[in-house]
There are 2 protein chains.
Amino acid sequence: MIEEIHKKVSAFLKTKGLRNTPQRNAIIDVIFESDEHFTADELWERIRKSNSKASRATVYRTLSLLVEANLLHEIDLGEDLKTYDPNFHDKPAHNHLICVDCGKVLEFEDSHLELLNDCLTRRMGFRPKSQSIRIEANCEKLRTSGTCPDLINARVTGKRIPKKR
Amino acid sequence: MIEEIHKKVSAFLKTKGLRNTPQRNAIIDVIFESDEHFTADELWERIRKSNSKASRATVYRTLSLLVEANLLHEIDLGEDLKTYDPNFHDKPAHNHLICVDCGKVLEFEDSHLELLNDCLTRRMGFRPKSQSIRIEANCEKLRTSGTCPDLINARVTGKRIPKKR
DNA sequence: CTGATTGCAAATGCTTTGCACGCCA
DNA sequence: TGGCGTGCAAAGCATTTGCAATCAG
């Protein structure tokens with residue numbers, strides 16, 4: 001799978017007259033070894049902890065490239081920082097549900113939703129290009145039972161629990 | 001209508017122990033005299049051109065207040081700057097379609113879409129809180145006839161035409 | 001070789017904040 | 001009188017950029 005990504009990147013670079021470099025490859029490896037969303041800074045930290053290295057500037061520059069190559073998407077999680085999602089390669093049309101209790105992000109796809117959006121777009125006189133849906137919701141488990149494993153885990157790992165909006 | 005907004009703001013300020021001020025009122029007037037989306041800086045420009053005045057800091061501080069009071073929403077138009085939408089007071093559940101040809105933003109509501117999202121959210125074990133949908137699309141008129149009034153207008157007014165992504 | 005790439009530090013640009021003064025309750 | 005609100009300038013912070021050295025093809 002990671003090979004497939006590298007192949008796509010190489011093809012993309014070639015069409016743009018750009019080059020394969022150790023830094024770019026290292027960054028790609030770190031990104032796609034997990035399916036976690038991340039910020040530029042988190043990525044840079046992960047690189048630093050790995051045995052390869054790349055400067056912040058290179059991290060930013062590579063992120064732009066990967067977004068342009070459509071291997072990475074910027075997504076809106078309602079945070080201030082840009083968040084990147086590496087999972088569009090596997091799930092090209094997924095959406096996000098954000099738990100406002102613990103911050104957990106679920107990815108989901110639904111063909112009915114896509115179809116409906118598609119129809120609405122055409123009815124307005126447009127040709128659909130991309131759609132993104134963000135749902136904020138409360139955890140039902142937490143509400144009924146007063147606890148939720150994700151929330152406990154978020155607290156343990158010190159994850160910032162979102163302000164309820 | 002603007003009176004209704006002012007009433008809501010006053011109520012909100014009261015509950016928080018905050019005060020009505022000329023600056024806050026002026027900012028609110030400028031925001032809600034139109035249904036345009038805007039950035040903090042655009043708002044500040046509009047204030048400056050009006051006969052009232054408020055500093056940039058006050059503009060930013062008031063924006064935060066209005067978002068907290070739920071009279072304004074930050075929306076994601078795919079731009080780098082935060083964009084504010086003053087129309088949720090009239091259309092509490094609207095979504096956005098962005099034309100990638102001319103940058104025009106259409107607001108739309110659809111009860112089927114809301115219902116479907118609601119069901120999907122519950123099926124995932126959550127209680128819906130808010131949903132936001134962003135559709136990027138190409139103008140059908142432009143594609144078939146080679147022209148589109150919105151695009152012409154965008155060029156005339158010097159509006160930045162979005163990079164196609 | 002030649003032009004792309006990198007790292008560093010400096011610059012950028014939006015947003016937030018500290019502070020002193022003003023003002024309303 | 002207490003403390004909220006404001007304007008100003010300074011600070012913050014994520015991101016971008018200029019530049020000289022380095023590297024890929």
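Here is how names work: the chains are called A, B, and so on, in the same order as the sequence lines, proteins then strands, and each is numbered from 1.
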Peer 1: Centroid separation under 6.0 Å, is that true for the rings of H94(B) and F88(B)?
Peer 2: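 So the answer is yes for these two rings.
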Peer 1: R19(B) side chain: which of dC8(D), dG7(C), dG2(D) is closest?
Peer 2: dG2(D)
Peer 1: Out of V9(A), N87(A), L71(A), which one pairs with F32(A) under the side chain to side chain contact (heavy atoms under 4.5 Å, CB included) rule?
Peer 2: L71(A)
Peer 1: As a test of reading the structure: which of dT6(D), dT15(D), dC8(C) is closest to the side chain of K82(A), going by heavy atoms?
Peer 2: dT15(D)
Peer 1: From dT6(C), dT15(C), dG7(D), pick the nucleotide closest to the side chain of A40(B)?
Peer 2: dT15(C)
Peer 1: Rounded to the nearest angstrom, tell me the gap between atom CZ in R48(A) and atom P in dG7(C).
Peer 2: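 From R48(A) CZ to dG7(C) P: 14 Å.
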Peer 1: Could you please name the option among dG25(D), dG7(D), dG7(C) that lies closest to any side-chain atom of A54(B)?
Peer 2: dG7(D)
Peer 1: A57(A) side chain: which of dA9(C), dT6(C), dC8(D) is closest?
Peer 2: dA9(C)
Peer 1: At under 4.0 Å between heavy atoms, what does D41(A) touch on the DNA or RNA strands: base, sugar-phosphate, or nothing?
Peer 2: nothing
Peer 1: What integer distance in Å separates W44(B):CH2 from dC14(C):C1'?
Peer 2: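 Distance, rounded to whole Å: 13 Å.
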Peer 1: Taking the minimum atom-to-atom distance to the side chain of R61(B), which one of dA24(D), dT17(C), dT16(C) wins?
Peer 2: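 Ranking dA24(D), dT17(C), dT16(C) by closest atom to the R61(B) side chain puts dT17(C) first.
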Peer 1: Rounded to the nearest Å, what distance is computed from the NZ atom of residue K14(B) to the P atom of nucleotide dA25(C)?
Peer 2: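 Roughly 11 Å, once rounded to whole Å.
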Peer 1: CG of L18(A) versus C1' of dG3(C): gap in Å, rounded?
Peer 2: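 Nearest whole value for this atom pair: 11 Å.
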Peer 1: May I have the step-by-step check of salt bridge (Lys or Arg N to Asp or Glu O under 4.0 Å) for K82(A) and D76(A), ending in yes or no?
Peer 2: CA-CA 7 Å; K82(A) 279 183 188 169; D76(A) 174 23; over 6 Å; no
Peer 1: Starting at OH of Y60(B) and ending at P of dG7(D), how long is that distance when rounded to a whole Å?
Peer 2: 15 Å
Peer 1: Write down the distance between NZ (K53(B)) and P (dG7(D)), rounded to a whole number of angstrom.
Peer 2: 10 Å
Peer 1: Has the side chain of S34(A) got a donor or acceptor atom that lies under 3.5 Å from a matching backbone atom of V30(A)?
Peer 2: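 Pair absent, no side-chain N/O of S34(A) close to backbone of V30(A).
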Peer 1: Please check this pair: side chain of N25(A) against backbone of T21(A), looking for a donor-acceptor N/O pair closer than 3.5 Å.
Peer 2: yes
Peer 1: Ignoring the backbone of T21(A), work out which of dT5(C), dG7(D), dT17(D) is nearest its side chain.
Peer 2: dT5(C)
Peer 1: Under 4.0 Å, heavy atoms only, any strand: does R24(B) hit a base, just the sugar-phosphate, or nothing?
Peer 2: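 Since only primed, P, OP1 and OP2 atoms lie under 4.0 Å of R24(B), the category is sugar-phosphate.
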Peer 1: Check the distance between dA14(D)'s P and L43(A)'s CG and give it to me in whole angstrom.
Peer 2: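 So the two atoms are 15 Å apart, to the nearest Å.
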Peer 1: Specify the separation, in whole Å, of atom CG of D80(A) and atom P of dT15(C).
Peer 2: 10 Å
